[in-house]
Amino acid sequence: MILTIDVGNTRIKSAVFENNTLIEASVFSNENFQTEIENILNGNKKINILVIASVGKLEKQAFESFSNRVKVYFISRESAFPFQNNYATPSTLGIDRMVLAAGAVLQFPKQNRLIIDVGTCVTYDFVDENNIYQGGAISPGIRLRYEAMHNYTAKLPLLSIEEPENIIGNSTNESLHSGVINGLTFEIEGYINSLMSKNENFIIILTGGDANFLAKRLKNTIFANSNFLLESLNNLYQYQIKND
Ligand SMILES: Nc1ncnc2c1ncn2[C@@H]1O[C@H](COP(=O)(O)OP(=O)(O)O)[C@@H](O)[C@H]1O
Ligand SMILES: CC(C)(COP(=O)(O)O)[C@@H](O)C(=O)NCCC(=O)O
Ligand SMILES: [K+]
């Protein structure tokens, strides 16, 4: 059994896999990650491998304490990936974006793929049908948009995510909800439409903490899966042990 762990900038997500079937997923904070992982290992004695990707504050050493009970496999840029990387600065490309791109190639062969991860930041990643990773875009995530407007103004309140009633907000709160949620919806639709007008044979994968909230708002046909990064870690691990 494999435990995959995704260390993002807001939270840690994990999933237990048995023969490629996800049997248990959890979310926890950076502070209590060791206890949380221990509890998962104690509850699933057959887990023998941890597969980890981190863009957050935790590095490889943070997981070393588990290496006496399981194999600790930390994904790094130096390992084998199932795509050609055309990013001009590959050494600064987020490892989460590389895992998403790899997962898209392995799960959806011979197609143009756009992966949208709505997490702390929104990341857009494009891997074409020839398995060339082209790059994408980075923009603020939903929470970040609400917090930035509150933190960098004198008068704007800090709100929690809420479905806007209308495009035209008729109060401060409704204007903020419309700006954040409708704004991001239009942004995502703009990216999708722009890429789809130039490429055929396209699949769009939506993932991240706010994927389910946004999926129902998007008009385009998308594949929404909030566990896509965790599943991609499992698929990439299988690929790397065969190809490294
Ligand atoms: N309980 C929660 N705590 C924090 N963020 C949450 C929670 N539930 C949903 N979210 C949303 O999920 C986003 C973070 O998504 P996530 O994929 O976990 O980020 P990351 O991978 O960057 O850590 C936040 O912007 C927020 O809008
Ligand atoms: C863009 C990110 C901050 C996204 O992180 P996340 O929202 O998943 O926590 C991360 O992929 C990162 O640190 N990237 C490095 C810059 C780049 O990808 O070019
Ligand atoms: K992201």
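All values below were derived from every heavy atom in this structure, side-chain atoms included, with hydrogens, water molecules and symmetry-related copies excluded. From a predicted model like this one, the values you see are computed outputs, not experimental measurements. Residue numbers count from 1 along this sequence.
If you chain together hydrophobic residues whose side chains sit under 4.5 Å apart, Leu50 and Leu236 never meet in one group. By the rule that hydrophobic residues join a cluster once side-chain heavy atoms approach within less than 4.5 Å of another member, Leu229 and Ile203 end up as members of one cluster. Tracing side-chain contacts under 4.5 Å through hydrophobic residues (I, L, V, M, F, W, Y), one reaches Ile142 starting from Leu176; they form part of the same cluster. In terms of hydrophobic clustering, with Ile, Leu, Val, Met, Phe, Trp and Tyr side chains grouped at heavy-atom distances under 4.5 Å, Phe186 and Leu195 are assigned to different clusters. Val127 and Tyr191 are members of different hydrophobic clusters when ILVMFWY side chains are connected at heavy-atom separations under 4.5 Å.
Using a 4.5 Å heavy-atom threshold, the side chains of Ile204 and Leu218 count as separate. Residues Leu3 and Val16 meet the side-chain proximity criterion, which asks for heavy atoms closer than 4.5 Å. The shortest side-chain heavy-atom distance between Val118 and Leu184 falls under the 4.5 Å cut-off. Taking 4.5 Å as the limit, some side-chain heavy atom of Asn220 sits within range of a side-chain heavy atom of Met196. Residues Leu93 and Thr89 have side chains not in contact (no heavy-atom distance under 4.5 Å, counting atoms from C-beta outward). Contact of the Met149 side chain with the Val180 side chain is registered, since non-hydrogen atoms from C-beta on lie closer than 4.5 Å. Counting heavy atoms from C-beta outward, Leu58 and Ile12 have side chains that approach closer than 4.5 Å.
For the atom pair CG of Asn9 and OG of Ser54, the computed distance is 8.0 Å after rounding to the nearest 0.5 Å. Going from atom CD1 of Ile241 over to atom OG of Ser79 covers 12.0 Å, rounded to the nearest 0.5 Å. Considering CD1 of Ile188 and CG of Leu214, their distance stands at 5.0 Å, rounded to 0.5 Å. If you take CD1 on Ile23 and CE on Met1, they are separated by 3.0 Å, rounding to the nearest 0.5 Å. Distance check, rounded to the nearest 0.5 Å: CD1 of Ile47 to CD1 of Ile40 gives 7.0 Å. Between the CD atom of Glu18 and the CD1 atom of Ile2 there is a distance of 10.5 Å, given to the nearest 0.5 Å.
Sorted by first and then second residue, the pairs that involve residues 91-101 and meet salt bridge (charged side-chain N to carboxylate O under 4.0 Å, His left out), not counting sequence neighbours, are Arg97-Asp125. Counting only residues at least two apart or in different chains, side chain to side chain donor-acceptor pair (under 3.5 Å) contacts with residues 235-244 comprise Lys71-Tyr237, Tyr73-Gln240, Asn234-Gln238. Legend: ring-ring contact (aromatic ring centres under 6.0 Å, His included) pairs involving residues 136-159, not counting sequence neighbours, sorted by first then second residue: Tyr146-His177. Residue pairs meeting the ring-ring contact (aromatic ring centres under 6.0 Å, His included) criterion with at least one member in residues 16-72, sequence neighbours excluded, are Phe33-Phe63.
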Exercise. How far apart are the C-alpha atoms of Ile181 and Phe213, what are their side-chain angles, what is the distance that settles it, and do they pass the side-chain contact (heavy atoms from CB on, under 4.5 Å) test?
Worked result: CA-CA 10 Å; Ile181 306 301; Phe213 179 88; 3.8 Å; yes
Exercise. Given Val99 and Asp6, is the side-chain contact (heavy atoms from CB on, under 4.5 Å) satisfied, shown in steps?
Worked result: CA-CA 10 Å; Val99 175; Asp6 155 29; over 6 Å; no
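Between the Thr123 side chain and the Ile138 main chain, no donor and acceptor come within less than 3.5 Å of each other. When atom types are taken as modelled, the side chain of Glu231 and the backbone of Gly103 share no donor-acceptor pair closer than 3.5 angstrom. No donor-acceptor pair closer than 3.5 Å links the side chain of Asn130 to the backbone N or O of Ile132. Looking only at distances, a side-chain donor or acceptor of Ser232 sits under 3.5 Å from a matching main-chain atom of Phe228. Not one N or O on the side chain of Asn44 forms a donor-acceptor pair closer than 3.5 Å with the backbone of Lys46. Checked by atom type and distance alone, the side chain of Asn112 pairs as donor or acceptor with a backbone atom of Glu129 at under 3.5 Å. Not a single donor-acceptor pair under 3.5 Å links the side chain of Lys155 to the backbone N or O of Thr153. Of the possible polar contacts, one joining the Arg145 side chain to the Pro140 backbone as a donor-acceptor pair under 3.5 Å is found. Checking side-chain atoms of Ser67 against main-chain N and O of Glu64 turns up a donor-acceptor pair under 3.5 Å. Side-chain atoms of Arg143 do not come within 3.5 Å of backbone N or O of Gly141 as any donor-acceptor pair.
The two residues Ala211 and Leu206 make their nearest non-hydrogen contact at O-CD2, 3.5 Å. For the residue pair Gly169 and Ser175, the shortest heavy atom distance occurs at O-OG, 3.5 Å. Ser14 and Ile5 get closest at one heavy-atom pair: CB-CG1, 4.2 Å. The two residues Ala53 and Ile95 have their closest heavy-atom pair at CB-CG2, 4.2 Å. Across every non-hydrogen atom of Ser76 and Phe81, the tightest pair is O-CE1, 3.4 Å. Smallest separation of non-hydrogen atoms from Leu106 and Pro109: O-CD, 4.2 Å.
Listed by chain and residue number, Phe223 satisfy the ring-ring contact (aromatic ring centres under 6.0 Å, His included) test with Phe108 (two or more places apart in sequence, or in another chain).
The local environment of NZ in Lys216 is crowded, with over 12 non-hydrogen atoms from other residues, nucleotides or ligands closer than 6.0 Å.
Here the rule is side-chain hydrogen bond (donor to acceptor under 3.5 Å, both in side chains) with Arg113, and of Asn131, Asp128, Asn201 only Asn131 fits it.
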Distance-only donor-acceptor hits, side chain of residues 156-168, under 3.5 Å, sequence neighbours excluded:
{"residue": "Glu163", "atom": "OE2", "partner": "Arg217", "partner atom": "NH1", "Å": "2.2"}

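When only modelled atom types and interatomic distance are considered, Glu36 and Ser26 share no side-chain donor-acceptor pair under 3.5 Å.
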